[in-house]
Protein chains: 2
Amino acid sequence: MATIGDVAREAGVSRSTVSYALSGNRPISLETRQRIDAAIAKLGFTINAGARALATSETMVIGLLLQFHDDEFPPAMLQYILAVSTAARESGYDILMVTDSDGPGAVKRITSSNMVDGVVLLDVTHEDPRLDALRAARQPGALVGLPRNTEELDVFDLDFGEAARILVDHLYGLGHQQVVLVSPPRHVFERGGAYGWRFRDAAVERAARYGMQIYPYYGESQQPGISRSLNAILDARPQATALIVHNDASIAVLPSVLHERGVEVPRDLSVVSLYSQDFGRSFLLPYTAVETSPDTLGREAVQHLVRRMSNPDDPVVAKFIEPVLTIRGSTA
Amino acid sequence: MATIGDVAREAGVSRSTVSYALSGNRPISLETRQRIDAAIAKLGFTINAGARALATSETMVIGLLLQFHDDEFPPAMLQYILAVSTAARESGYDILMVTDSDGPGAVKRITSSNMVDGVVLLDVTHEDPRLDALRAARQPGALVGLPRNTEELDVFDLDFGEAARILVDHLYGLGHQQVVLVSPPRHVFERGGAYGWRFRDAAVERAARYGMQIYPYYGESQQPGISRSLNAILDARPQATALIVHNDASIAVLPSVLHERGVEVPRDLSVVSLYSQDFGRSFLLPYTAVETSPDTLGREAVQHLVRRMSNPDDPVVAKFIEPVLTIRGSTA
DNA sequence: GTTCATCGTCGAACCGCTTCGATGAATGTA
DNA sequence: TACATTCATCGAAGCGGTTCGACGATGAAC
């Protein structure tokens, strides 16, 4: 493999000159630059990323930390992964994807060994054990999901409270008085997935203000439990005229459950939910829903992370992206 | 950040001694080792991965190359990603996940800059343009998916031909004579996704041998086209008594399509397919199917890759994992 | 015709770690 | 007692880059 030294020799200049030509950090005469370019082409030289990282203390790699919990619906996660990866590449970074079950250990490992310049944490919980490790790290981080303590950390999430209010308002506007809410599985709440209660509490509060009846339930995450629980919920509340589903796994199977029950939307039941456009397309979900925008979220997280790498002392940001309602005609 | 030099000073030994203590490459006296351990603990030293990589020419990182095509069903891909990531970590490697739309460029970039010790290519096509880049690389690669030319390359895939034969045999054994086959979308074939025709050709050949009628169709990859095409296919072949679905997107929506048509499985129609257990669980698929084993495949690919890194001259391997039929009672 | 910048280039030091060869001490052998 | 081994450690060189300070050559300013 050709090194910068080989290029230098071939071009008849010093190594530092080649380096400057490569980085553009100092002026180089046109003629020298051309000789260097020719040498690079001739030798097929590519800069050694590791050596550059050692010299510059910049790896141009971002760590992406995620875990697959049993209580989560994998397809939903993929959209974040892809968004982060794409956004990173646009900023010149590569992605080191880490799925260790030991989250804090993984954060520690990749930060303290200097494998990455920064870290994106997906699916952050209320008391996320990874955060201490992240705070102790030299590298900055960006969180997707809202922890209890956001000190020193940049967080990005959907405004679930507002999402809930938008959906409740929408149903209230149509005259619904009895509403069932399907939340994420109980286990998500226990784990500290704050989006669960942020949404639920806001929905309950808003419904109460309107004098609506709202009946919250936990969903399930694995078949056949998902269908079973949906059926049980619907059986339990026959008088409800609307359903709010805040759970990817449940919404994905809802069409077949409703079909099986002979329930027609929106004639017999109005349905609203939260999911991304892509997710809805994969599963043919025809419901009026708040867009969860994993692509925007992933991209924002990466962009802010990259910015913070160069400006470590910028004020911390907490960005809650605004939920947008997409009307798909599943309410009446 | 503490370096190995700091540790050496703290422990009162030379840097090389610390290095040997860390790697175990030379004997170190118990007493010295303890002093070094104490120093490491006191300073919170972690080895710098970049520097080590530069010195050893081993990054302990594996590149994972994948792309999301519009004609693919994203949830299926995730299982491979997870399997590769987990297996890699078990062997002490991290994963650099690259989703560039320019596949060959991505391979070139991460290999020639020495960012990785090896590469796993997912979803390899018949004439995959990434293979030339891979062959030109110093690092070995492992392919998931079967290209036309496997020279110099280790490949891993399901034995799709055998899978087709197993399914056809199964249907034939039950007395079916008219069978509809839903293949991957046409676009997958055009792109060179060989699993499409490997399966189809074997199924057709086998059916012919038995004197069965088999009607192959392309599926679709995006809703609402998936449901529409399934309906069109079923309309076109009312006399068929069995359905073979070789397409993740189609099988995922099949339950609701059949339900909508009032078709009961297996009373009105027998259905067999190919998908992994996890996939089936996410989507509650009740069909007798061949297990696609993405976890086995991903793990095998990584393990062989790791082996090849240390033994570059081992003979090339092409491993086709044996399809296993899981009976779920969707045939009669 | 000096003096000063500016431009383009070079050499050397450094980033943090590994590894080779050398060295001195301890041990075993004749 | 002398010599050969083995053990534990050290110093220096090297991995492939970047960057700082210096320096000669130009050209501009006075």
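A, B, ... follow the sequence lines: proteins, then strands. Residue 1 opens every chain.
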Side chain to side chain donor-acceptor pair (under 3.5 Å) against B:Ser85, all qualifying residues, sequence neighbours excluded: A:Thr99
Sugar-phosphate only, base, or nothing, as touched by B:Val18 at under 4.0 Å among non-hydrogen atoms: nothing
A:Arg138 CZ - C:dG16 C1' separation (whole Å): 12 Å
Residue-level proximity of residues 38-53 of chain A to DNA chain C when a heavy atom falls under 4.0 Å: none
Pairs meeting criterion side chain to side chain donor-acceptor pair (under 3.5 Å) with involvement of residues 36-54 of chain B, two or more places apart: A:Ser112-B:Thr46, B:Glu10-B:Lys42
I'd like a list of close polar pairs between nucleotides 19-21 of chain D and the protein, N/O only, cut-off under 3.5 Å.
unit_1, atom_1, unit_2, atom_2, d
D:dT19, OP2, A:Asn25, ND2, 3.2
D:dC20, N4, A:Tyr20, OH, 2.5
D:dG21, N7, A:Arg26, NH2, 3.3
D:dG21, O6, A:Arg26, NH1, 2.3
D:dG21, O6, A:Arg26, NH2, 3.4

Residues that A:Asp278 engages under side chain to side chain donor-acceptor pair (under 3.5 Å), provided they are two or more places apart: A:Arg281
5' precedence on DNA chain D between A:Leu22 and B:Ile28 (nearest-nucleotide basis): B:Ile28
For atom CG of A:Asp6 and atom C1' of D:dC15, their distance in whole Å: 13 Å
Which atom pairs, one a donor and one an acceptor, fall under 3.5 Å between side chains of residues 144-152 of chain A and the rest of the protein, sequence neighbours left out?
unit_1, atom_1, unit_2, atom_2, d
A:Arg148, NE, A:Glu127, OE2, 2.4
A:Asn149, OD1, A:Glu151, N, 2.8

Compile the donor-acceptor pairs under 3.5 Å between side chains in residues 313-321 of chain A and protein atoms, sequence neighbours left out, one pair per line.
unit_1, atom_1, unit_2, atom_2, d
A:Lys319, NZ, A:Glu300, OE1, 3.4
A:Lys319, NZ, A:Glu300, OE2, 3.3

Rounded interatomic separation in angstrom, taking CD from A:Glu31 and P from D:dA25: 17 Å
Sugar-phosphate only, base, or nothing, as touched by B:Leu54 at under 4.0 Å among non-hydrogen atoms: base
D:dG16 OP1/OP2 closer than 4.0 Å to side-chain N/O of A:Thr3: no
Distance-only side-chain donor-acceptor flag, A:Ser14 / A:Thr17, under 3.5 Å: yes
Working for side chain to side chain contact (heavy atoms under 4.5 Å, CB included), residues A:Leu131 and A:Leu143: CA-CA 9 Å; A:Leu131 300 189; A:Leu143 317 187; 3.8 Å; yes
Ring pair (Phe, Tyr, Trp, His ring centres under 6.0 Å) contacts touching residues 95-119 of chain B (sequence neighbours left out): none
Rounded distance (Å) that lies between atom C1' of D:dG16 and atom CD of B:Glu58: 17 Å
Ring pair (Phe, Tyr, Trp, His ring centres under 6.0 Å) pairs, two or more places apart, involving residues 4-38 of chain B: none
